[in-house]
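Each remark here refers to the structure printed beneath this line.
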Protein chains: 2
Amino acid sequence: MFLVSLIPIRSGTPGSGPERSDAARNRELLLCAARQLIEECGADGLTMDKLAERAGVGKGTVFRRFGSRAGLMMTLLSDSEAEFQGRFMFGPPPLGPGAPPLERLIAFGAGRIGYVLEYGDLARAADHSVYNRFEVPAAVLWHRHLEYLLREAGLEADPWLMAMSLSATLDPERLLYAVRVQGVSPERLEESWRQLVTRLVRPAE
Amino acid sequence: MFLVSLIPIRSGTPGSGPERSDAARNRELLLCAARQLIEECGADGLTMDKLAERAGVGKGTVFRRFGSRAGLMMTLLSDSEAEFQGRFMFGPPPLGPGAPPLERLIAFGAGRIGYVLEYGDLARAADHSVYNRFEVPAAVLWHRHLEYLLREAGLEADPWLMAMSLSATLDPERLLYAVRVQGVSPERLEESWRQLVTRLVRPAE
DNA sequence: ATACTAAACGGACTACGGTCCGGATAATAT
DNA sequence: ATATTATCCGGACCGTAGTCCGTTTAGTAT
């Protein structure tokens, strides 16, 4: 069993030591301004320049706080992300521990689909790292969780890569394309996911 | 049965009519310069400014020819892409018609994995459209092919979405991450793909 | 209070993808 | 040859993410 350091999402703190008061104040200003801007222009319409101006700080401050645009988006998502993590790691079955692995897999997909549809553009923008989006703590955690459930379900073959395939299926960009462009219903997504994982873990006669 | 208009990849021609002689000359200059630059700096190191300068044309010309950076990359890949398309649509079994659907699915994955590993950065850069990368002709064709094979194999449930999951599994960015960062071997990828599609199409007892 | 220092600040700067439009030019008609 | 026109050309221009570095400031030691 592995226990990660408990929801290591992204606090928005650059250094390791305590935070200076002006830094803390600016972080709040920035998060507040970001939420305002997203409400006004949507997540895709948020630019780092507009954000800096709205918050009344320099552009450098924005990047020192959040590292990148994707980092900012992750910070904005961190509360709901932590909530979701808590549910699938410690919450009630079938998402949390207690239910059989296959049930948990199905619930995980449904949960993630709901999450992505709720925070659509934000989730997509958070994924838009130029570098490896697969090494973001949250992504690593999902992957490990899927891998763990696959093992528990008795999957023989390469749970690591299978977890990767499953992660790919739940990729925000694809899900949003299916729903928004192709008009696929969330229920249909969930059902397809259920079929997928069910067939995956079914033992080879 | 559907027969697409036969390998509609991307010719690099903007208008619909015939091409003016200077335009044709510049297109050749650009493709040649692009291949040079990729050899020198890698696909990721190619910028549209450098390309224009190297080819001795204006920047506008580059974008009129190829539409975008991703469009240029697709054009550079079009020969090998056409070759791959020809193989899985008309070539010899097990990739081409004649073999049982499951065999063809397995071969398709292996072929695609080989393709992505061969043209790595190029394939990834070609996928990097800002807009919907899922509507690129080549991607649509793969998707339809996978969907068709899934149906042929007797899959009951939602072949369209299942084909989408399978496409996601074969996404260049993910494959390259697995191989280059995680050190997964191509054989392991192929084996995992084989397991995945085999389990998918296995009938529900 | 004063001096000191590490941290944070700000905004000019770069790199890059992509757009625009006035001017050049190849094909065609006369 | 000349005129006409649709197409193409070039490079200045824009918006955006991200970097850099001289300046300011919060916290702390004296």
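Every chain is numbered from 1 and lettered A, B, ... according to where its sequence line falls, protein lines coming before strand lines.
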(request) For B/F63 and D/dC8, give me the distance from atom CZ to atom C1', rounded to whole Å. (result) 17 Å

(message) My understanding is that only one of A/L51, A/V62, A/L77 makes a side chain to side chain contact (heavy atoms under 4.5 Å, CB included) with A/L72; could you say which?
(response) A/L51

(request) Choose from D/dG18, D/dG10, C/dC9 the nucleotide whose nearest atom is closest to any side-chain atom of B/R64. (result) D/dG10

Which atom pairs link the protein and nucleotides 26-30 of chain D when you take only N or O atoms and keep those under 3.5 Å?
| from | atom 1 | to | atom 2 | distance (Å) |
| --- | --- | --- | --- | --- |
| D/dA26 | O4' | A/R20 | NE | 3.4 |
| D/dA26 | O3' | A/S21 | OG | 3.2 |
| D/dG27 | OP1 | A/S21 | N | 3.2 |
| D/dG27 | OP1 | A/S21 | OG | 3.3 |

(request) Report the nucleotide, chosen from D/dT16, C/dG17, D/dC9, that has the shortest atom-to-atom distance to any side-chain atom of B/T61. (result) D/dC9

(message) So if I apply the salt bridge (charged side-chain N to carboxylate O under 4.0 Å, His left out) rule between B/E40 and each of B/R54, B/K50, B/R35, which one comes out positive?
(response) B/R54

(request) Before accepting this row, confirm whether a basic side-chain N of the pair B/R27/B/E19 lies closer than 4.0 Å to the acidic partner's carboxylate O. (result) yes

(request) Name the residue closer to the 5' end of DNA chain D, choosing between A/G45 and B/V57 according to the nucleotide with the nearest heavy atom. (result) B/V57

(request) Answer yes when A/D127 and A/R124 have at least one side-chain N-carboxylate O distance shorter than 4.0 Å, and no when they do not. (result) no

(message) What is the separation between atom CE on A/M48 and atom P on C/dC16, rounded to the nearest whole Å?
(response) 19 Å

(request) Grab the CZ-C1' distance between B/R69 and C/dT19 for me, whole Å please. (result) 18 Å

(message) Taking 4.0 Å as the cut-off, does a side-chain nitrogen or oxygen of A/N26 come that near to OP1 or OP2 on C/dA8?
(response) no

(message) Whole angstroms only, please: what is the CG-C1' distance between A/L51 and D/dG15?
(response) 16 Å

(message) Between A/E190 and A/R194 (salt bridge meaning N to carboxylate O under 4.0 Å), is one present in this structure?
(response) no

(request) Would you check if the side chain of A/T75 reaches a backbone N or O of A/G71 as a donor-acceptor pair within less than 3.5 Å? (result) yes

(message) Measure CZ/B/F66 against C1'/C/dT19 and give the value in whole Å, please.
(response) 18 Å

(request) Scan A/Y115, A/W193, A/F84, A/Y148 and name whichever one has a ring-ring contact (aromatic ring centres under 6.0 Å, His included) with A/F108. (result) A/F84

(request) To the nearest Å, give me how far apart CD (B/E53) and P (D/dG10) are. (result) 13 Å

(request) Would you kindly give the CG-to-C1' distance between A/L30 and C/dA8, to the nearest whole Å? (result) 13 Å

(request) Return the value, rounded to whole Å, for the distance between atom CG of A/D49 and atom P of C/dA12. (result) 11 Å

(message) Does A/K59 contact D/dA17 through a side-chain donor or acceptor facing the base, at a distance under 3.5 Å?
(response) yes

(request) Tell me which nucleotide among D/dG18, C/dG17, D/dC9 gets nearest to the side chain of B/A23. (result) D/dC9

(request) Return no unless some side-chain N or O of A/R65 is found under 4.0 Å from OP1 or OP2 of C/dC9. (result) yes

